[in-house]
2 protein chains.
Amino acid sequence: MELPEAKQKFIEAWGKLGSEWGINRTMAQVHALLLITPGELTTEEIMAQLSISRGNANMTLRDLMGWGLVEKKHRPGERKEYFYADKDTWNIARQVAKERRRRELEPVLKLLDELSTVEGDAKNEEFRTFNKTVTDINKLAKNVDRTFETMLKAEENWFWGSILKVFK
Amino acid sequence: MELPEAKQKFIEAWGKLGSEWGINRTMAQVHALLLITPGELTTEEIMAQLSISRGNANMTLRDLMGWGLVEKKHRPGERKEYFYADKDTWNIARQVAKERRRRELEPVLKLLDELSTVEGDAKNEEFRTFNKTVTDINKLAKNVDRTFETMLKAEENWFWGSILKVFK
DNA sequence: TTAAACTTTCAAAACTTACTGAAAGTTTTA
DNA sequence: TAAAACTTTCAGTAAGTTTTGAAAGTTTAA
């Protein structure tokens with residue numbers, strides 16, 4: 001396989017994986033493009049390479065900056081904005097974990113805590129089943145949350161070292 | 001909060017979380033409904049409780065069975081099919097991890113391995129950046145894969161214990 | 001102070017995904 | 001053998017999401 005084809009495949013695969021896991025396809029593709037590009041790209045270049053509109057490119061880049069995955073840079077004497085991605089995969093993973101935890105997991109945890117307090121008659125089977133399920137899921141979700149937290153604090157080697165010790 | 005309201009909120013939240021993470025909303029809602037229902041439900045009952053069509057209910061239930069989260073049961077002397085969900089949250093988490101690993105992670109791992117072998121001129125910066133990114137992401141993806149694998153084999157307490165030991 | 005170079009916005013269009021419901025299929029019972 | 005009771009299918013439609021592109025906005029330079 002030649003480099004241009006490989007790049008194309010990488011961008012497509014990243015876009016697909018993103019969309020399967022709830023991240024907009026274009027956003028994942030722009031990210032992929034920046035990840036395999038040395039240096040920076042302008043909006044124009046991104047538009048051209050991925051055949052997307054100016055509006056789409058602009059919004060997607062803004063989102064990526066909101067996720068902390070991309071930054072912009074100005075070159076002295078130039079008006080154009082240059083975009084580049086942090087290429088440290090461990091940072092990327094942590095950044096994504098951090099945002100999704102905040103945006104999606106936290107609201108659910110809050111609700112589950114609330115639902116855990118709903119009171120009812122212990123003789124009522126409906127209530128007992130509801131209560132047990134909610135309590136169990138709440139425990140699981142808290143474990144997931146704690147794992148995210150660990151991940152955010154951890155250094156890469158230390159983290160994977162700790163997890164992989166598990167195999168032995 | 002009263003039980004019926006709490007149930008409704010649980011179903012909605014589970015549906016929302018599902019759709020944010022790439023699982024069809026209705027599928028997550030049907031699953032949620034079955035999780036908080038003692039015993040079994042028929043297609044009719046599911047249709048009524050969630051206001052969905054027969055076709056949708058049928059396909060969703062089939063998908064849930066395909067994911068190994070729901071099973072059907074026949075009662076002697078009755079034609080109707082009764083559906084119920086496995087309520088063990090650790091089983092659920094493992095089942096979901098297993099399916100998504102197989103459907104989504106594995107194809108990407110395969111591609112990344114392939115892209116890791118693309119050859120090029122070490123003096124070419126484009127190639128070097130591509131190669132480094134792909135190699136790094138491949139490593140990360142393999143770690144994720146191994147974590148899934150551990151999870152599939154493990155008992156719940158042992159697994160979270162191992163991951164959370166990391167805090168100490 | 002205005003024109004050029006660029007970025008941002010957002011209503012409408014295109015695309016994608018999910019859902020409906022009627023028809024076809026299957027199984028059981030009489 | 002037929003009819004009743006149920007399940008499955010899928011073409012068409014609806015709902016949801018993403019993308020476009022032109023217009024408005026901003027910044028810089030002359």
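Naming: A, B, ... by sequence-line order, numbering from 1 per chain. The shown structure was predicted, so the numbers you read here are calculated from the model rather than taken from an experiment.
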What is the distance, rounded to the nearest whole Å, between atom [atom1] of [X] and atom [atom2] of [N]?
X	N	atom1	atom2	answer
A:E20	D:dT17	CD	P	18 Å
B:K16	C:dA18	NZ	C1'	19 Å
B:I46	D:dC6	CD1	P	15 Å
A:M59	C:dT8	CE	C1'	8 Å
B:N24	C:dT17	CG	P	12 Å
A:E44	C:dA5	CD	C1'	10 Å
B:L61	C:dA18	CG	P	16 Å
A:N56	C:dC15	CG	C1'	12 Å

With a distance cut-off below 6.0 Å to the six-membered ring centre and an angular limit of 45° from the axis, does B:R100 pair with B:W21 as a cation-pi contact?
no

Cationic tip of A:K73 within the cone over A:F83's six-membered ring, i.e. under 6.0 Å and within 45° of the normal?
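No - A:K73 does not lie over the ring of A:F83 by the 6.0 Å and 45° rule.
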
Of all of residues 62-81 of chain A, which get a heavy atom below 4.0 angstrom from DNA chain C, listed by number?
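Within residues 62-81 of chain A, the residues near DNA chain C are A:R62, A:K72, A:R79, A:K80, A:E81.
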
Judged by each residue's nearest nucleotide on DNA chain D, which is more toward the 5′ side, A:R54 or A:I23?
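Of the two residues, A:I23 wins.
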
Presence of salt bridge, [Y] and [X], under 4.0 angstrom:
X	Y	answer
B:R94	B:D86	no
A:E149	A:K153	yes
A:K16	A:E12	no

Report yes if a side-chain nitrogen or oxygen of [X] is closer than 4.0 Å to either non-bridging phosphate oxygen (OP1 or OP2) of [N]; otherwise report no.
X	N	result
A:R25	D:dT19	yes
B:N58	D:dT7	no
A:T26	D:dT19	yes

Have a look at B:S51 and say if it touches a base, only the backbone sugar-phosphate, or nothing, with a 4.0 Å heavy-atom cut-off.
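Touches sugar-phosphate only.
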
Parallel, tilted or perpendicular: ring planes of B:W90 versus B:F159, cut at 30 and 60 degrees
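Correct class here is tilted.
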
Please answer whether the main-chain N or O of A:T37 pairs with a side-chain N or O of A:K87 as donor and acceptor at a distance below 3.5 Å.
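Judged by distance alone, yes, a pair lies under 3.5 Å.
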
Hey, which sits more toward the 5' end of DNA chain C by its nearest nucleotide, A:T43 or A:S19?
A:T43

